[in-house]
> 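Supplied in structure tokens, the structure appears directly below.
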Amino acid sequence: MRRLINRKPDGVARLALMLLPFLLVLLAYMAASEARLAVNPNDKLLPGWASISAAVERMAFLPDSRTGNYLMLNDTLASLTRLGMGVVIATAIGGVFGILQGLIPYFRAIFNSFTNVLSMIPPLSVLPILFIMFGLGEPAKVLLIVVGITPFIIRDLALRTSEIPHEEIIKAQTLGASTWQIILRVVVPQMLPRLIDAVRLSLGAAWLFLIAAEAIASNAGLGYRIFLMRRYLAMDVILPYVAWITLLAFALDLALRLFQRAAFRWMYRGTGN
Amino acid sequence: MTSFKLSSIRAMAAALAVLALVFAPLSQAEAQAKKEFKVAWSIYVGWMPWGYAADNGIVKKWADKYGIEIEMVQFNDYIESINQYTAGAFDGVMSTNMDALAIPSAGGVDSTIVVICDYSNGNDVIILKDKTELADIKGQKVNLVELSVSHYTLARALETVGMTEKDVTVVNTSDADMIAAYKTRDITAVVTWNPMAAEILGGPNANNVFDSSSIPGEIQDSLVVNTATLNANPALGKALTGAWYETMAIMSADTPEGAAAREAMGIASGTDLAGYEAQLAATAMFYTPADYIGFGEAELAAATEKVTAFLFEHGLLGEAATSPGYIGIEMPDGSVVGDADNVLLRFTTEYAQMLEAGML
């Protein structure tokens, strides 16, 4: 039937269509940049390719004249360490609490409402309290990420756990499984890939909190550099950094997805994926 | 099939048009004679009079006199207001001399300082926890807004005790979080400005070991206007200068009316009359055109050279800069500090002199 709903782009067309919006934005940027540079060759808001690539070379491939460090590498390592620690801790807490909350009624009775309320508090609005509690050093930055994304992971995982068909739990019990065995043999194996999904979904928020933490007090990091450069509108540095962050985030998401697919093949069975 | 192709071409054209529209506001307006102007300002002791002047019809009165309209827009984020001005969204902005050089001028936007409102005379403070001497700062982590006037104050202070920035570790810290940050255990040294400095010094264990009264005249707070716009529209400079000094006359008067004006400015900046007057005590306001003209003749050039040296050292004059004098700065008497072929910041007392001569 010739309807829009049935028309599918094939190989080359699909690739072209995928690239189209990116190309359009790029074209529009170049046009706007050119127009501004024609009026003021030193314009900082929409720098041209020459100044952007000069900035990339300066930040990524030449040692900084004052410290001798490669700034972009330094910033990336600092940020990824914080992000990694924050996400790992949040995942661990989220995994344990999520499963217990989804499975054990007493546990749910105690913690469910509490995590629900906790997850509604915007962490950035209680920053001064977090400062007093955890200082302004590295732990505080990691903690902001943990505080920011753990409640979401707990809630998501508790929900997924409670969606496990009750028949499975009954069946395991008729086979003589204890609570501990049920957790270990029935719930955890099913929840691990879901946990990865939850982490993937919360990565965006994790980056947001990372950059917020670095904007508040730090001397290295991708967010630190962006906020510092913003002080004098150095978009030639900020734009490559934004592109770099986007790329890192995309790569991280892809890596998690590939890992999930490799480690939990059963999840994809029968989905045609 | 043909119709489908046509429609997809049309859709693409439409998408391009939409994108062009999205980016359209980003195009820089060419300077021309116009009637409506926008000036950005942010909360600071020396700029509160602008808010008062806008609220009490003083700006409108002077704008009407020259047949123009001036919209004063208050920003919560000081740096963003300068960025917006640099990008061309505003005709004027309140900025320090340092930021005016580092952001619009280094960004190729030729700017003119029409009025220096004040200079910091103690408003920028280095505070140490428990320690009482500036020399004790050696080896400490110092929390401040990097590349701001706080950073400049630190650099100048370290010079006075024979140290350099290598002797401390600078940690960039948001001004909004400075007070909360100071309360944490691991923070022992901060550089910040009023009202945060006053708040921190009011607590226990906080000692003022250096402030900007030791470097008078170097940190100036000014009205900065786009040079091309100003040249095409001298009425803008006239109206703003007139409104500013009329407000200065009101607020500096030792009368109930003057106190009421100061109280209104204090409340607008989140404090009260006493708090605002305490901040004023650490601020050298130029209350009359003569004050500004005199400062421009005497101290301005020397102060400017110290600031350009700091900016050059921190790479804030742009990557192309090869010396502190890379950007030329025109003094009120027409002489130029730095490269006379690359003048991008100008101090003018022309409008203050017009007012002084009764010509506004």
Side-chain angles (χ1 to χ4, degrees), chain A residues 2 4 7 20-21 24-25 27-33 35-47 51 54-55 58 64-67 127-137 139-140 212 214-221 224-225 227-237, chain B residues 4 12 15-16 18-31 79-80 82-83 86-88 99 102-110 141 143 145-148 165-166 169-174 176-187 311 313-316 318-320 344:
Chain A
R2 266 187 57 128
L4 188 56
R7 294 170 61 91
L20 184 68
L24 286 179
V25 171
L27 270 176
Y29 176 87
M30 279 158 64
S33 166
R36 284 184 68 92
L37 289 170
V39 180
N40 170 11
N42 284 328
D43 180 55
K44 286 178 150 186
L45 188 72
L46 303 178
S51 46
R58 198 168 69 240
D64 180 44
S65 56
R66 293 177 64 214
T67 57
L127 270 183
I129 301 178
L130 294 179
F131 288 165
I132 307 291
M133 287 167 70
F134 304 102
L136 271 175
E214 291 180 336
I216 290 155
S218 63
N219 49 14
Y224 158 81
R225 191 72 51 196
F227 276 84
L228 188 65
M229 292 296 159
R230 187 182 146 251
R231 264 200 85 80
Y232 54 107
L233 201 65
M235 296 307 290
D236 55 341
V237 175
Chain B
F4 181 76
M12 260 174 68
L16 260 180
V18 168
L19 272 170
L21 274 178
V22 169
F23 278 86
L26 291 172
S27 59
Q28 223 157 22
E30 308 248 0
I79 282 295
E80 191 54 34
I82 301 176
N83 284 348
T86 306
D99 293 321
I103 308 172
S105 294
V109 177
D110 192 332
K141 270 194 202 162
N143 291 71
V145 179
E146 225 172 294
L147 309 180
S148 71
E165 277 183 57
K166 292 202 172 73
T169 308
V170 169
V171 180
N172 189 36
T173 306
S174 149
D177 299 304
M178 203 60 84
I179 297 172
Y182 193 78
K183 292 190 198 303
T184 65
R185 211 176 313 138
D186 42 340
I187 288 189
L311 291 176
E313 199 168 303
H314 288 85
L316 298 186
E319 280 307 312
L344 286 167

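In the text below, chain A, chain B and the rest are named by the order of the sequence lines, each starting its count at 1.
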> Given heavy-atom pairs under 4.5 angstrom as the criterion, report whether the side chain, backbone, both or neither of B:V170 touches chain A.
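Answer is backbone: N, CA, C or O of B:V170 sit under 4.5 Å from chain A.
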
> Quick one: what part of B:T169 sits under 4.5 Å from any heavy atom of chain A, side chain, backbone, both or neither?
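The side chain, not the backbone.
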
> Looking at CG of A:L130 and CG of B:D177, how far apart are the two atoms once the value is rounded to the nearest 0.5 Å?
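The CG atom of B:D177 is 11.0 Å from CG of A:L130, to the nearest 0.5 Å.
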
> Which region of B:A106, side chain (C-beta onward) or backbone (N, CA, C, O), has a non-hydrogen atom less than 4.5 Å from a non-hydrogen atom of chain A, or is it both or neither?
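Its backbone and side chain both get close to chain A.
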
> To the nearest 0.5 Å, what is the distance between CG on B:N143 and CG on A:L136?
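B:N143 atom CG to A:L136 atom CG measures 6.5 Å (nearest 0.5 Å).
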
> CG/A:N219 to OG1/B:T173 distance, rounded to the nearest 0.5 angstrom?
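Nearest 0.5 Å value for the CG-OG1 distance: 9.0 Å.
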
> Please check: side-chain N/O of A:N40 versus main-chain N/O of B:G107, any donor-acceptor pairing under 3.5 Å?
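Yes; judged by distance alone, with no hydrogens or angles, the pair exists.
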
> Where does B:N172 contact chain A at under 4.5 Å (heavy atoms): side chain, backbone, both or neither?
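Backbone plus side chain of B:N172, per the 4.5 Å heavy-atom cut-off to chain A.
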
> With heavy-atom distances below 4.5 Å as the criterion, would you say the side chains of A:L45 and B:T86 are in contact?
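Heavy-atom side-chain distance check fails, nothing below 4.5 Å.
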
> Which bit of A:A31 comes within less than 4.5 Å of chain B, counting heavy atoms only: side chain, backbone, both or neither?
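Neither part.
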
> Highest number of heavy-atom pairs under 4.5 Å with chain A: which of B:D99, B:N83, B:I179, B:I187?
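Highest number of pairs under 4.5 Å: B:N83.
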
> Got a sec, which residues hit salt bridge (charged side-chain N to carboxylate O under 4.0 Å, His left out) with B:E313, two or more places apart in sequence or on another chain?
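B:E313 satisfies salt bridge (charged side-chain N to carboxylate O under 4.0 Å, His left out) with no other residue.
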
> Applying side-chain contact (heavy atoms from CB on, under 4.5 Å), name anything that partners A:A55, two or more places apart in sequence or on another chain.
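By the side-chain contact (heavy atoms from CB on, under 4.5 Å) rule, A:A55 matches A:R58, A:D236, A:V237.
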
> For B:I79, does its backbone N or O pair with a side-chain atom of A:R230 as donor and acceptor, under 3.5 Å?
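Looks like no, no N/O pair under 3.5 Å.
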
